[in-house]
Amino acid sequence: MRKFIIPTIATLIFIAGLVSMVLPFVPLGWLLIMLASLLMSPYFKFMRKFIGWLAKKDKTGLVEKAGKKASKLYEWAGDDKRADEMDTIIDENSQNSESSKEDK
């Protein structure tokens with residue numbers, strides 16, 4: 001039953017992000033959409049690409065840290081398959097950003 005908690009929470013966060021983008025006095029829209037995309041990336045391929053793009057653009061490593069925490073959240077929910085997918089997504093994109101830094 002806990003496996004359905006994360007997709008439900010991610011959907012609610014995504015809706016809150018869309019509402020926040022429409023309301024001009026709530027500046028959290030992009031942050032909430034990024035968080036929902038991170039949580040839903042093991043489920044949807046286009047969100048994996050979005051998270052990969054964010055990880056490549058991120059110079060501080062914030063996306064990588066958030067991905068590791070999301071992986072732990074999936075492990076807590078008992079969804080080891082999604083936790084492994086999240087680790088794979090983050091590791092692939094962090095390796096790509098490190099190798100592009102070495103090439104320069």
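On a predicted model such as this, the values are computed, not experimentally measured, just so you know.
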Gap separating the CG atom of L38 from the CD1 atom of I51, nearest 0.5 angstrom:
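So the CG of L38 and the CD1 of I51 are separated by 4.5 Å.
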Distance from I13 atom CD1 to S37 atom OG, nearest 0.5 Å?
10.5 Å
Mind telling me whether F46 and F44 have parallel, tilted or perpendicular rings, with 30° and 60° as the class edges?
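Plane angle between 30° and 60°, so tilted.
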What are the two closest heavy atoms between [X] and [Y], and how far apart are they?
X	Y	answer
A77	I6	CB-CD1, 3.8 Å
M34	F50	CA-CE2, 4.4 Å
A36	A10	CB-O, 3.4 Å
A70	L39	CB-CD2, 4.2 Å

Is it the case that one hydrophobic cluster holds both W53 and L31, taking links as side-chain heavy atoms less than 4.5 Å apart, direct or via other members?
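Both belong to a single hydrophobic cluster.
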Taking a hydrophobic cluster as the set of Ile, Leu, Val, Met, Phe, Trp and Tyr residues connected by side-chain heavy atoms closer than 4.5 Å, whether directly or through intermediates, do L35 and L62 fall within one such cluster?
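Different hydrophobic clusters.
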Apply side chain to side chain contact (heavy atoms under 4.5 Å, CB included) to residues L73 and K69 and explain how you reach the verdict.
CA-CA 6 Å; L73 183 65; K69 294 212 184 254; over 6 Å; no
Under the side-chain contact (heavy atoms from CB on, under 4.5 Å) test, residues paired with S71 that sit two or more places apart
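E75, A83, M86, D87.
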What's the verdict on side chain to side chain contact (heavy atoms under 4.5 Å, CB included) for L54 and K49, showing C-alpha distance, side-chain angles and the deciding distance?
CA-CA 9 Å; L54 281 176; K49 291 181 181 180; over 6 Å; no
Among Ile, Leu, Val, Met, Phe, Trp and Tyr joined by side-chain contacts under 4.5 Å, find the other residues sharing a cluster with M21 and list them by chain and number.
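ILVMFWY cluster around M21 also holds F14, L18, W30, I33.
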As a quick check of understanding, evaluate side chain to side chain contact (heavy atoms under 4.5 Å, CB included) for K81 and D79, giving each step before the final call.
CA-CA 6 Å; K81 178 184 172 190; D79 199 353; 4.1 Å; yes
From CA spacing to verdict: side chain to side chain contact (heavy atoms under 4.5 Å, CB included), T11, I15:
CA-CA 6 Å; T11 303; I15 292 169; 4.1 Å; yes
Are the side chains of V19 and L23 in touch, meaning some heavy atoms are under 4.5 Å apart?
yes
With a 3.5 Å distance limit and no angle check, can you tell me whether R48 reaches the backbone of I89 through a side-chain donor-acceptor pair?
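Checked: no pair found.
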